Each structure stands twice: as structure tokens, then as C-alpha cells.
There are 4 protein chains.
Amino acid sequence: MQPFRLFAPEVASLGKSARTRAQLMDAAIAVFARHGIEAASVNEIARAAGVANGTFYVHFRDKDEMASVVSLALAAEIARQLDEDMRDVDCAIQRIVCATRRFLQISSEQPPLGWAFLKACQALPDLRYQVGVYMRQDIARGVRQGVFTEPVDDFLIDCVGGLVLSALLSCLSGTSAADAGPRTVEMQLRLLGVDSQAAKAASRQALDPLIG
Amino acid sequence: MQPFRLFAPEVASLGKSARTRAQLMDAAIAVFARHGIEAASVNEIARAAGVANGTFYVHFRDKDEMASVVSLALAAEIARQLDEDMRDVDCAIQRIVCATRRFLQISSEQPPLGWAFLKACQALPDLRYQVGVYMRQDIARGVRQGVFTEPVDDFLIDCVGGLVLSALLSCLSGTSAADAGPRTVEMQLRLLGVDSQAAKAASRQALDPLIG
Amino acid sequence: MQPFRLFAPEVASLGKSARTRAQLMDAAIAVFARHGIEAASVNEIARAAGVANGTFYVHFRDKDEMASVVSLALAAEIARQLDEDMRDVDCAIQRIVCATRRFLQISSEQPPLGWAFLKACQALPDLRYQVGVYMRQDIARGVRQGVFTEPVDDFLIDCVGGLVLSALLSCLSGTSAADAGPRTVEMQLRLLGVDSQAAKAASRQALDPLIG
Amino acid sequence: MQPFRLFAPEVASLGKSARTRAQLMDAAIAVFARHGIEAASVNEIARAAGVANGTFYVHFRDKDEMASVVSLALAAEIARQLDEDMRDVDCAIQRIVCATRRFLQISSEQPPLGWAFLKACQALPDLRYQVGVYMRQDIARGVRQGVFTEPVDDFLIDCVGGLVLSALLSCLSGTSAADAGPRTVEMQLRLLGVDSQAAKAASRQALDPLIG
DNA sequence: TATGAATGAGGATTCATTCAT
DNA sequence: AATGAATGAATCCTCATTCAT
């Protein structure tokens, strides 16, 4: 019925209310992915979640609040997965390589998730800001480690973030090559000031087999 | 009443009908800039143009057609200005430098134009494709001239285009530094495979005084 | 507020939703009767039903679906009444006499119902077909009983049906005589091949006192 | 461009203004036939006539007036053709046979004309009345000649007229048999009180070869 | 909590009609 | 007479939101 599941667990580990809320959020992601955030209708989300439309307002004040909650939760969930993968990685380059490739993998292998994230980033400045904060940590770490020479400011973050989202869009649109992950990382490292050869080498290095 | 003027000339050099159409298009750009293309309402566009709602349909079949016409015309107008500036420039790097800095200048100095273009690119894949075709010419020229080492494919174009749009968004959001133009060019050249120092040098070189 | 009641029962024997739906259907019949089906506006129907315009779409997908639902329900309701009256009548001539006179009585005594039915028949070929199927049963029965000599085909059904509707129109227009029922039956029987005298005799015979 | 021509002569025998008016009337018939009178739009009629929409109002006060003018002219034109065919026929039965068969022939061989006439009769009581006046003449003649036994009143006229229109509808809908003309006449004569055998004989008699 | 009918403002679109040229 | 752009009321329909159950 509802093929996409991120927040609603299979087992009934949550209370009924929390489960309904999670179903609504998963449904919202699927609908946002299909129609974009503005065009998504509360009725369609409720229908996709298998609940009555009125139930929506039991869990969210209005559509805007839900968009914000869902988008932030989506970003947090992605960040959680990336952090988990990089728990023990100290090298900033490694972290960038890992995070970016893993991010592209996750979001292009689950198109609803990828599209929803992409469209949410386009629609919600708050979300872009949040993502920027997250990226800035690793980039700042690279500066401290002396591997990134570019001065870190909002503009750089905006551009690096925009590059990754562009790559994601390209992947989701289906026109892009198979090695989009490494190529994106390579470009990203170049933007950060890593020299060309080092960027290429780092971007192509083997990752945990889980990661493409 | 309507501060933004791109298509509607001050003088009555067009017939009355053409003038009304141009007013609608200018109004559309202003409204697209404020609310995005999807959320723009025909009534608001007509009101902004100072005509009755029915008049919209004298000039455009429906909202979608107008969005497409306006966006393409907007892109064509920008391209026309850029081409004019670069009429005699042969060097691909020079052309990229010039086009990108000029583009950012034009579109961030006229926020309605910039926002409208940005949102149009997000909403209309056709427009993105058009813009890609335009950019690809100069990039291919650079490859022929031996200055860009990166292989040119759709993915590269998507990323380079995305980078420039990200820079524009950053500028329009008002958070970015004054040297966004040169910095964007520098990043762009790096993505294309120009080495770091040459990129920095080229991006900072003096342009025609008109260009910032 | 709404003088015509066919589907909405006085008592609250239906759920609230079903009652609203029935009110809309009754209102639709009244409006169809006044303006015809094509010219009837959803807003006017909703207003006549005493509900908000949006409520219309809670109960019907769109105007066309409602027109079809209402018309078929109207025809079914009329057919139900006729069938009830003729439950025990076997003779085809009797059935025709009874059905036609009763039909004219019902629909000319309740002009909204009559007009709505008439206009629905003009606008909806499906409804005409339905009515034709219904009429054909009794006519075929008459052929089996050897009292109708005319061969039964679509053209005959179309003509007999058209005759009855013409009679109804004449009644509703107010120009016609009091004995429209018997005269219509007589003509109808003649069309079916009953000879003139028998037709006149049968058409004038006494019916249940309820029936005029 | 405009396949249907009734009022606009090929040759320029009329003044320019009269020609434009005639073109509009022909176009109106075609459009009425396609969409019905209510749904026909002035713009579509003007377009079909090959003139600007404003021109419509040079020739007609408004849409209703045009509908009335066109319908009446259409009926008059048909009547003129029938009268021409029957100029020398005195026998009422002959006249009915001839008029009805010829009418069905004309209007089913030129579907735009047939549909327009049919829909006009449904929409405009005035037209129905006019047609009734015309039919009544021949029917009254039959009564004087002693061949029709049925008393002539509005109700009879309505029913006989309705029968012929039903037959036309059946023909235009394409479901009806080839001998619709004779069968319609036969039914019509029965309605008027002619006995069955005489009706059949008269209805099948040979007509002028032109007439089917 | 959950429901789902009801609401009514708002959006896209059509169209009869007017009027300056 | 003819034009065709302009008008704005009216139409169908959607949708976020509310509320009684």
C-alpha cells in the first residue's frame, strides 16, 4: 500500500498515536517527492497514509508546520545514517568522501527520499541552513587539518551544498553516469581547494563495501 | 505600479497589443520571483500588469504556456546580453569568466529577474536543458582550446550549471560576499579542470569596466 | 426553501451524509427542471440544497457524474413506482395503458420532476437508452401475446418513446387538454399496431381510482 | 473551410454585408449542430464564419437574437423547399407523405442541418410553435378532405411533431433502419386517424424520384 | 485520538459583450 | 462594416482547515 517507509517501523514499537504520525510523515515524503511540497495536498497525504483527512490536524498544526517537521526529520535521519557510517573516521577528506558518496547512494537508490529531500531543500531555506551547518563541521575540520585551503564562509557552503544537490538532481533525472558519486566528491574537493590529483585519488578510493 | 521592466519598452514602439503582452510578461516575472512559478496566480499576474484577468487569456493559452514562454524569453534575453558582451572574445576561459560574472551581476542587481530565472530553472526542466546547451558551447570550446581537461558530458554540465545557480541563490539571499562573481568563476574553472592558480588568476582579471 | 422532495425523506432515517446527498439530488432536479442540465450551475444547485458549493464535490466527482447519477435515479424512481402499480398486471395492453397514464400523471403533477426527466432524456443518450430498455419489455410482451403487430426494433422504440415525451412536453407546457393521458395511450397503441377502435376502448378504460 | 452552406450563396449575389451575415448564419448552424445552441460560443461561430468576433455584433444584437433568427430562417428555408415540392399536390395524405419523407431526407442527409434543426426545436418554444403552425395547415386540410378523423388541437400537433422529430433523432443517431421515412409517415398517418392498411399503402407509394 | 462531512475562499478558465481604431 | 483586444462576471473545481461525533 505504502512502499516507502522511513519513520514508521514495521513492528508496533511505537504507540498508536506515534505510529499514525509516522505514517503521515512517510506518506508526506512520498507525496512531496511526486508533486513537490507546494503542490502536495493534505488530502492526498492522508489518503496515502491510510487515515482520514481530519487526522492530519491531530498531528500537525497545518501544512507548513508539517513540511518543516518532515523535512527536518528527513535531514536528521539522513545525517544520522551518515554519522553512523563515519563514527570512527577522523580525516576530513575521508569524511567528505564517505558522506557525499553515501548520501548520493542513499538518495538516488530511494528516489522518493531523494526527490523529497531535493524539493524540500529548494523550498525551505531553513532546511538549507540546517544542512549547511552539518556540512560546515566537516569542512571546518578539513581546514583545521590543513587540507582545505579555501576560506570557509556562507558562500562556500552554499556553493558546495548546491553542487551536491545538482549532482543528486542529475542522478535522479536518470541522465547521469554510473560514477556520479566519485565525480561529485572530486569536484567537491576541488571546490574546497584540494589539488586536482589528490582530489581524484581520494574520490576513487575504496569505501566500505556497503558504500558505492 | 510595476517597477520591473524587461520586455515592455518605455516608448510606445510596439502596437498596443504587443505592449499589453509585454506588460503581462514583466508582471509575470515579478510574480514568479515572489511566489515561484507554481504558486503564481493568473489573477495576481494580471493585476500586477494592470489588466483584467480575462486579458491574460487573450495573450496566452494558459498558465503553463505563459510560464514556458516567459522563462524561455527571459533566458533568451539574458543570453542575448551575454552574447553581446562576448561578441569578440575567442578565449574560452575569458568567455566563461565574462559570461558568469556578467550573469551574476545582471541577475543579482535585478532581484526579480534573478529570482524569476532561478525559480524557472528549478521548475522547468526544459529551461535547464536550454541553458545547458548554451553553456556547453563555451565549455566545448575550452576543451578544443585545450584549457579544460574534464570530459564534457551531461553530468558535468548539470553540476557546473548547478554551481552557478547556487551562487546566484546565495547572492540573492543576501548572505554572500561582494566578490561572489570572481569566486564563482574560480570554482567553475576548477570544476572544468583548470588548475587552482590559473583559475584564481583568470577569475580576478579585470573585465570591461561595465562588468563587476 | 426547497419545495421539491423526491430523494430526501422528511424523517432523519438516513445518516447526515446521505441526507445531504439526497438534498443535493432533489435540488439538482429542481434546477435541471428550470434551466436544463447543461445550463444548471453547481453553485445554484448547492444554494438550492442549502449547502456550501464545496459540499457538492464531497458527494459527486463533478457535474457530469451528478447529472448521470441524478437522471438515472430519477428514472429508476419513476420505474419503481410504475412497476409497483403493475405488479399483478399480465396483459401487455393493460400494462402500457397503466404505465403511460401513470407516468404522465406523475410527471405532469410534479412539474419539476417532469421537466427534469424530459430535459435529462434530451441531454443524455444513456438515459434514453435505459428508458428504451424498460419500454421494450412491455412492448415485447405485447408481441408475444399477439396484440401488437408492428415489428419491434430500435426505431419503433425511439418513436414510441418520443411520442410519450412529446405528450409530456405538451402537458408541461400547459397547452394541452385534460385527457392527455388516454389520448397518448391511444396514439401509442396505434403506433404499436393495435387497431383504432380497440386502441380507443383500451385507452379509456377505468384504471385504479388513484390513476387519472 | 466551411462545408455547410445554406444561406450564403456561392456567387456574390448579395452585398458584402449581407454575405457576411449569411456566413455567420451558416457557421451558426454548423456550430449549433455540433455543440447545441446553449453551448455554442459566439467566438466559435465567428471563427467558423471566418470573421472577427466583434463582427458578430454588427449583425446581431446578441446571441439569443441570433439563435432565434437562425432557427426561424432555417425552418423557413426547409418549409420553402417542402412547399416547392408540393406546389401542385392537393391531397392531404399525399402532402403529408411528401413533406415528411422529404423533410427526413433533407435533414438526415445533411446532418448539420438536421442536428441544428432538432436542437433548435428542443431549445426554442417559438420555433416549435412556428413548425406547428406549418404542420397544422396540411393536417387541417386532411380533416376537411375527410381523411383524418382525429380532432385537431394543440396536443395532436405537439404529438405528431414530436413523432417526426423523434424519427429524425433516431436517423441522425445512426441506429435506425433504411425505411425510416415510410415508417415515420405510416405512424404519423395512424396518429391522424388513417386506418392501418391505408396508412401503410400511402406511406410506401412512390414519390418523385428525387425523394427517398 | 480519529473521523470525514462540511466549509468557503481562491484559482484557472470561458465567454458574451463593448469599444476604440 | 469590420476588427480584435479588452473586459469582468460567471463557471467549475480544489484545498486547507474546522468541528461535531
Side-chain angles (χ1 to χ4, degrees), chain A residues 15-21 24 38-47 49-66, chain B residues 15-21 24 38-46 49-64 66, chain C residues 15-21 24 38-46 49-64 66, chain D residues 15-21 24 38-47 49-66:
Chain A
K16 180 138 179 295
S17 174
R19 212 161 61 243
T20 301
R21 184 182 163 96
L24 279 164
E38 314 271 329
S41 90
V42 170
N43 274 16
E44 187 174 359
I45 293 171
R47 196 175 343 113
V51 301
N53 59 9
T55 304
F56 183 96
Y57 292 89
V58 173
H59 295 277
F60 303 97
R61 183 151 26 86
D62 57 25
K63 206 184 113 177
D64 284 354
E65 194 219 33
M66 155 169 257
Chain B
K16 181 143 177 295
S17 174
R19 214 160 59 243
T20 301
R21 185 183 163 97
L24 279 165
E38 317 271 329
S41 95
V42 169
N43 276 18
E44 186 174 359
I45 293 172
V51 300
N53 54 12
T55 304
F56 183 96
Y57 294 90
V58 174
H59 295 278
F60 303 97
R61 184 148 23 88
D62 57 23
K63 212 183 93 172
D64 283 355
M66 152 165 263
Chain C
K16 182 144 176 292
S17 174
R19 215 160 56 243
T20 302
R21 185 183 164 97
L24 279 165
E38 317 271 328
S41 94
V42 169
N43 276 17
E44 186 174 359
I45 293 171
V51 299
N53 54 14
T55 303
F56 182 95
Y57 295 93
V58 174
H59 294 278
F60 302 97
R61 183 145 25 87
D62 57 25
K63 211 182 93 172
D64 283 356
M66 154 165 261
Chain D
K16 181 138 178 297
S17 174
R19 212 163 59 245
T20 301
R21 185 182 162 95
L24 279 164
E38 314 271 329
S41 90
V42 169
N43 274 17
E44 186 174 0
I45 292 170
R47 194 175 345 114
V51 301
N53 58 9
T55 303
F56 182 97
Y57 291 88
V58 173
H59 295 277
F60 303 97
R61 180 151 29 84
D62 59 23
K63 209 184 109 177
D64 283 354
E65 193 219 36
M66 155 170 257

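Letters A, B, ... are given to chains in the order of the sequence lines, protein chains preceding strands, and every chain is numbered from 1. Because the structure is a prediction, the values reported are computed rather than measured.
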To the nearest angstrom, the CG-P distance between C:Asp64 and F:dT11 comes to 16 Å

- C:Val42 near the nucleic acid: base, sugar-phosphate alone, or nothing, with a heavy-atom cut-off under 4.0 Å? sugar-phosphate

From CZ of B:Phe60 across to P of F:dA6 the rounded distance in Å is 11 Å

C:Glu38 CD: over 12 foreign heavy atoms closer than 6.0 Å:
no

Atom CZ of A:Arg19 and atom C1' of E:dT1 are separated, to the nearest Å, by 13 Å

Pairing partner of F:dA16, by Watson-Crick or G-U wobble and under 3.5 Å for both distances, is E:dT7

Margin query: Students often get this wrong, so: under 4.0 angstrom with heavy atoms, is C:Thr55 touching a base, only sugar-phosphate, or nothing?
Written below: base

Whole-Å distance, D:Met66 CE to E:dT17 P, equals 12 Å

Atom CD of A:Glu65 and atom C1' of F:dT17 are separated, to the nearest Å, by 14 Å

**Message:** With a cut-off of less than 4.0 Å, is there a side-chain N or O of A:Lys63 near OP1 or OP2 of F:dA16?
**Reply:** yes

Partner of E:dT21 under the Watson-Crick or G-U wobble criteria, both distances under 3.5 Å, comes out as F:dA2

| query | Is any side-chain heavy atom of D:Val42 closer than 4.5 Å to a side-chain heavy atom of D:Tyr57? | reply | yes

Between CD1 of A:Ile45 and P of E:dA2 the distance, given in whole Å, is 16 Å

Heavy-atom nearest nucleotide on DNA chain F taken for B:Ala52 and for A:Ser41; more 5' hit belongs to B:Ala52

Rounded to whole Å, the OH-P distance (D:Tyr57 to E:dT17) equals 4 Å

So do B:Ser41 and B:Lys63 actually touch side chain to side chain, heavy atoms under 4.5 Å?
no

B:Asn43 CG to F:dA10 P, in whole Å, measures 15 Å

Are side-chain heavy atoms of C:Phe56 and C:Val51 found at a separation under 4.5 Å?
no

Once you apply a heavy-atom cut-off of 4.0 Å, does C:Ala40 come out as touching a base, just sugar-phosphate, or nothing?
sugar-phosphate

Of B:Arg21 and A:Arg61, the one whose nearest nucleotide on DNA chain F sits closer to the 5' end is B:Arg21

inquiry  = Under 4.0 Å, heavy atoms only, any strand: does C:Asn53 hit a base, just the sugar-phosphate, or nothing?
reply    = base

Checking E:dT7, F:dT7, F:dA2 against the side chain of B:Val51 (C-beta onward), the nearest is F:dT7

Are C:Val58 and C:Arg21 side-chain neighbours, meaning at least one heavy-atom pair lies under 4.5 Å? no

ask   = Can you tell me if the side-chain N/O atoms of A:Ser17 get under 4.0 Å from OP1 or OP2 in E:dT1?
value = yes

